[in-house]
Amino acid sequence: MIFPFPGKPKEVKFILGNEACVEAAIAAGCRFFAGYPITPSTEIAEGMAKALPRIGGTFIQMEDEIASLGAVIGASICGLKALTATSGPGFSLKQEHIGYAALTEIPCVIVNVMRGGPSTGLPTLPAQGDVMQARWGTHGDHPAIVLSPSSVKEYYELTIKAFNLSEKFRTPVILLPDEVIAHTREKLEIPENIKIVDRKKPPANVDKKNYRPYAVSRDDEVPVIPNFGEGFRFNITGLIHDDSGFPSNAPEITQSTLMRLHKKIAAGYGEIKGIEVDLPRGAEVAVLSYGASFRSAAQAAKDAQVGLVKLTTLFPFPDKEVKELAQKVKTIIVVEMNLGQLIGEVERAAGGLAKIAGVNIANGLLITPDVIREKIRACQKKT
Amino acid sequence: MPEEDISKYLRLDKLPHIWCPGCGNGIVLHAVLRAIGKLQLDQDKVAVVSGIGCSSRSAGYVDFNTLHTTHGRAIAFATGIKLARPDMTVIVLTGDGDCAAIGGNHLIHAARRNIDLTVVVFNNSIYGMTGGQSSPTTQPDDIAATAPYGNLENAFDLCELARASGASYAARSTTFHATQLPLLVEKGIQNKGFSFLDVITACPVYFGRMNKMPEAVDMLKYQRDNARNIKQWSTMTDEEKGGKFVIGELHNKPAPEYTDLYAALRARLKENK
Ligand SMILES: Cc1ncc(C[n+]2csc(CCOP(=O)(O)OP(=O)(O)O)c2C)c(N)n1
Ligand code: SF4
């Protein structure tokens, strides 16, 4: 388990969500940032620009978001933990390279602070409309790890978790705070003894000349890919490749490569998942939410004394846990600042075992507890 | 002087290559490898980064740290590598479409930063890999699969573009000028800063067939007959320059390099703690 943090806090701060992300990235070992300014994510770029050159790291403002993630992947290939941060339109531009990192298995972290969309939408106002884009935005069958914080403290913790997971599973990890969490100032107790994961390196005595960077012994394994410039002289390509790293379009290699990308994430589910279920005895209704919406959901659930479920890992989606929940309650109410995104996943996982209702508002305002309370009442009447 | 043995830089087990008979890509790649051989670069410390296109498949054939990226974005990936490992030599192999159309923005901004990359454009005035569509270096009236009635657009002068954007070194040569080409690449690699090489090469299969130069030899003749050395070029009138192009070292003006500036920034911050 990566969380919760053990030990006492070493420092207490009153800090903005995006600033917590910067602090956490540096604590996680991030030493490279490339980005392009966009509200409401810009404080992350500004914070990294200030911090990184002081600690031997590198910051660069690139010409656009595609280039930013390209540079991040290039730096990561040389062994640096690397981050980019964006929002809305910028996240659309990130998509091609998210797929590149997924297929080539290069660790990186992408923060997308969700603002109202589509298009330029609502640059300064919150939404949770990028959930399915985070899951499916890049083309092809790819896995996704998507985390979403509901407080500044969680933003800090999930930033560290994002780096740890990306290093361990060699995959891009998407962190999805919304504008509210990014721009909320809250108390943060910076924990001591943070567990940091670094990517595995090939053993020192290995035969470098004949090393196969994508070789695995199990079909759900994470390959041990060397860094550039350390004597291996291998090839990385965004074409489907065999375990030597060179292109192949053999059907069996194609299928097994795609399957392994998914299986390595499935095998790590225990570590990746993030779900908290609080179900009072006899509760017939549960409210499920994430991000800033969760805070209102929590208030409403407490007032109405119904069940409450928080997701901090949106993908891989907690199919099993949601199914169990659906077996216990009559209705699950999904609260999100969009016109219905994660609710589709809840419906799929629940498989008809419970009724699924949604509170879906995408007007640029935080959903308030009273709207959710009303929905709870309405559902209680029906059940 | 004996010719350097470049076979040690090739991944011989990856040959034969995918290129068509008569394609100029092999000549360009050979020149790059000769330059590397001449400079005796440590193979472990060389990264070759490419985009997508026939020319970009070069990366897979050479025995360095090789990265075959996405269409147009090789320079962005290369920027990340250079920033992470300033001690490495980073060479970008790219096509004219890759570098100047979809990747044009990355080209001008990397040049502006004067980051120490050597970008070699395999300029065949066409999109080879996708079957002969027009590119930003297709000349007016040339025929392409997407300009079947003749190209209505103007072509980039890529060296001018790189120079105006801030590159500290820019040169042009052709696959016909096989002696000059490696020397210019060598100087480009040696330049500490953004170096740009526009290499005029042949796609006889698409560009040639559509433009009455169906044989590889026709295209080499075209290069021979229309290239003018920089010295001669400076004495030519605009009329004489029509349909011709200049080759040689076109720009060489050393300037502060980006990773050096960043290292100096780190040092300065350390001092003023
Ligand atoms: C984003 C994206 N758009 C389009 C393509 C299709 N595509 C592949 S190669 C290429 C053009 C290659 O032309 P050029 O860069 O001139 O290289 P050449 O093949 O002539 O060497 C295109 C458009 C792609 N791979 N990715
Ligand atoms: S299509 Fe043209 S550029 Fe591509 S390999 Fe064939 S000749 Fe070369």
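Side chains included, hydrogens not; waters and symmetry mates left out as well; all remaining heavy atoms used.
Here the closest non-hydrogen pair linking B:L265 and A:P53 is CD2-CB, 3.9 Å. Nearest heavy-atom pair, A:F228 versus B:A47, reported as atom, atom and distance to 0.1 Å: CD2-CB, 4.3 Å. Shortest non-hydrogen contact noted between A:F59 and B:Y262 is N-OH, 2.8 Å.
A:L239 meets the side chain to side chain contact (heavy atoms under 4.5 Å, CB included) test with A:T237, A:P247, B:R57, B:H68; sequence neighbours excluded.
Proximity to chain A (any heavy atom under 4.5 Å) is shown, for B:R112, by neither the backbone nor the side chain. The parts of B:R266 that come within reach of chain A are both its backbone and its side chain, each placing non-hydrogen atoms under 4.5 angstrom from that chain.
For residues 251-260 of chain A, a heavy-atom distance under 4.5 Å to chain B picks out no residue at all. Close approach to chain B, defined as a heavy atom under 4.5 Å from one of its heavy atoms, is seen in A:Q61, A:M62, A:E63, A:D64, A:I66, A:A67, A:G70, A:A71, A:I73, A:G74, A:A75, A:I77, A:C78, A:L80 of residues 61-82 of chain A, taken by number. Interface residues of residues 22-32 of chain A toward chain B, defined by a heavy-atom distance below 4.5 Å and sorted by number: A:F32.
With chain B as partner, the option from A:G56, A:P226, A:G245, A:G99 having the largest number of non-hydrogen pairs under 4.5 angstrom is A:G56. With chain A as partner, the option from B:H106, B:K45, B:M88 having the largest number of non-hydrogen pairs under 4.5 angstrom is B:H106. Listed options B:D63, B:T259, B:I75 were ranked by heavy-atom pairs under 4.5 angstrom with chain A; first place goes to B:D63. Most heavy-atom pairs under 4.5 Å with chain B, from the set A:I55, A:T104, A:I60: that is A:I60. Between chain A and the residues B:F64, B:F77, B:Y258, the largest count of heavy-atom pairs under 4.5 Å involves B:F77. Top candidate by heavy-atom pairs under 4.5 Å with chain A, chosen from B:T79, B:D42, B:L83, B:I52, is B:L83.
Between the OG atom of A:S244 and the NZ atom of B:K14 there is a distance of 4.5 Å, given to the nearest 0.5 Å. Interatomic distance, B:T69 OG1 to A:H97 NE2, rounded to the nearest 0.5 Å: 6.0 Å. Put simply, CG on B:L67 and OH on A:Y100 are 4.0 Å apart, with the number rounded to the nearest 0.5 Å.
For A:D141, the CG atom sits in a loose shell: 12 or fewer heavy atoms of surrounding residues, nucleotides or ligands are nearer than 6.0 Å. Atom NZ of A:K168 has 12 or fewer heavy atoms from other residues, nucleotides or ligands within 6.0 Å. Counted within 6.0 Å of CG on A:N249, heavy atoms from surrounding residues, nucleotides or ligands total 12 or fewer; the atom is thus considered open.
Tested against B:D44 for a salt bridge (Lys or Arg N to Asp or Glu O under 4.0 Å), the candidates A:K208, A:K209, A:R233 yield a single pass: A:R233.
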